[in-house]
Trainee: 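Take a look at the following structure, please.
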Amino acid sequence: MTVESKPFSETDVITVPELATRLKVSKFQAYEMVSIHGCPVYELGGERQKRIIWGDFLNWFRSHYVRQ
C-alpha cells in the first residue's frame, strides 16, 4: 500500500514544527520566523500553542522574503 502525498491546502492550520517541516528548516528557524512582527501567527496560549494558517503565512512569506 502506498501513501499518497496530498498537496498542502491554503486553509490548513498548522503548528510551528509543521511549518518547519514544510519549509525544510529547523524548528529554531521556524520559531524565529514566527516571532517577526507582522507574521500571521495565532497565539492560543503558551509557546506550544501557536497556530498558523498556511495560506496567510505563504502570502506574508512571499511579501517579506521577496528579493528585489
Side-chain angles (χ1 to χ4, degrees):
M1 178 184 287
T2 37
V3 176
E4 291 183 35
S5 63
K6 69 177 194 176
F8 300 132
S9 169
E10 293 205 10
T11 59
D12 289 349
V13 177
I14 61 173
T15 62
V16 178
E18 290 171 324
L19 177 67
T21 300
R22 288 182 182 202
L23 296 178
K24 298 179 182 170
V25 299
S26 70
K27 286 183 196 174
F28 176 79
Q29 288 172 308
Y31 276 102
E32 287 288 313
M33 199 174 293
V34 299
S35 71
I36 296 171
H37 180 71
C39 182
V41 62
Y42 297 90
E43 299 193 27
L44 305 175
E47 183 68 21
R48 294 178 178 247
Q49 295 301 316
K50 294 182 180 191
R51 297 295 182 268
I52 300 129
I53 297 173
W54 180 239
D56 293 348
F57 179 83
L58 281 179
N59 290 333
W60 174 83
F61 183 81
R62 288 177 182 134
S63 68
H64 190 72
Y65 287 97
V66 153
R67 295 187 184 229
Q68 298 177 4

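All values below come from the heavy atoms of this structure, side chains included, with hydrogens, waters and symmetry mates left out. Position 1 is the first residue of the sequence; numbering continues from there.
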Trainee: Going by the rule side chain to side chain contact (heavy atoms under 4.5 Å, CB included), which residues pair with S35 if we only count those two or more places apart in sequence or in a different chain?
Mentor: none

Trainee: Measure across P17 and Y31 and return the closest heavy-atom pair with its distance rounded to 0.1 Å.
Mentor: CD-OH, 3.9 Å

Trainee: Rounded to the nearest 0.5 Å, what's the gap from CZ on F61 to CD1 on I36? Could you check?
Mentor: 9.5 Å

Trainee: Could you work out, with side chain to side chain contact (heavy atoms under 4.5 Å, CB included) as the rule, every residue matching E10, not counting sequence neighbours?
Mentor: none

Trainee: Are any non-hydrogen side-chain atoms of M33 and L23 less than 4.5 angstrom apart?
Mentor: yes

Trainee: Give every residue pair that meets the ring pair (Phe, Tyr, Trp, His ring centres under 6.0 Å) criterion with at least one member in residues 6-28, sequence neighbours excluded.
Mentor: F8-W54

Trainee: Restricting to salt bridge (charged side-chain N to carboxylate O under 4.0 Å, His left out), what partner residues turn up for D12, sequence neighbours left out?
Mentor: R22

Trainee: Other than L44, which residues form its hydrophobic cluster under the rule that side-chain heavy atoms must be closer than 4.5 Å?
Mentor: none

Trainee: Where does the angle between the aromatic ring planes of W60 and H64 fall among parallel (under 30°), tilted (30 to 60°) and perpendicular (over 60°)?
Mentor: parallel

Trainee: Going by side chain to side chain contact (heavy atoms under 4.5 Å, CB included), name the residues that satisfy it together with N59, two or more places apart in sequence or in a different chain.
Mentor: R62

Trainee: Working to the nearest 0.5 angstrom, can you tell me the gap between K27 NZ and E32 CD?
Mentor: 15.0 Å

Trainee: Can you get from F57 to I14 by hopping between Ile, Leu, Val, Met, Phe, Trp and Tyr side chains that sit under 4.5 Å apart?
Mentor: yes

Trainee: So which heavy atom on V41 is nearest to which on V34, and how close?
Mentor: CG1-O, 3.7 Å

Trainee: Looking at every heavy atom in both D56 and P40, which two are closest together, and how far apart are they?
Mentor: O-CG, 3.6 Å

Trainee: With side chains defined as the heavy atoms from C-beta onward, is the minimum distance between R51 and T15 less than 4.5 Å?
Mentor: yes

Trainee: Where do A20 and A30 come nearest, in terms of heavy atoms and distance?
Mentor: CB-CB, 3.7 Å

Trainee: State yes or no: do I52 and V25 share one hydrophobic cluster built from I, L, V, M, F, W and Y residues joined by side-chain heavy-atom distances below 4.5 Å, directly or via other members?
Mentor: yes

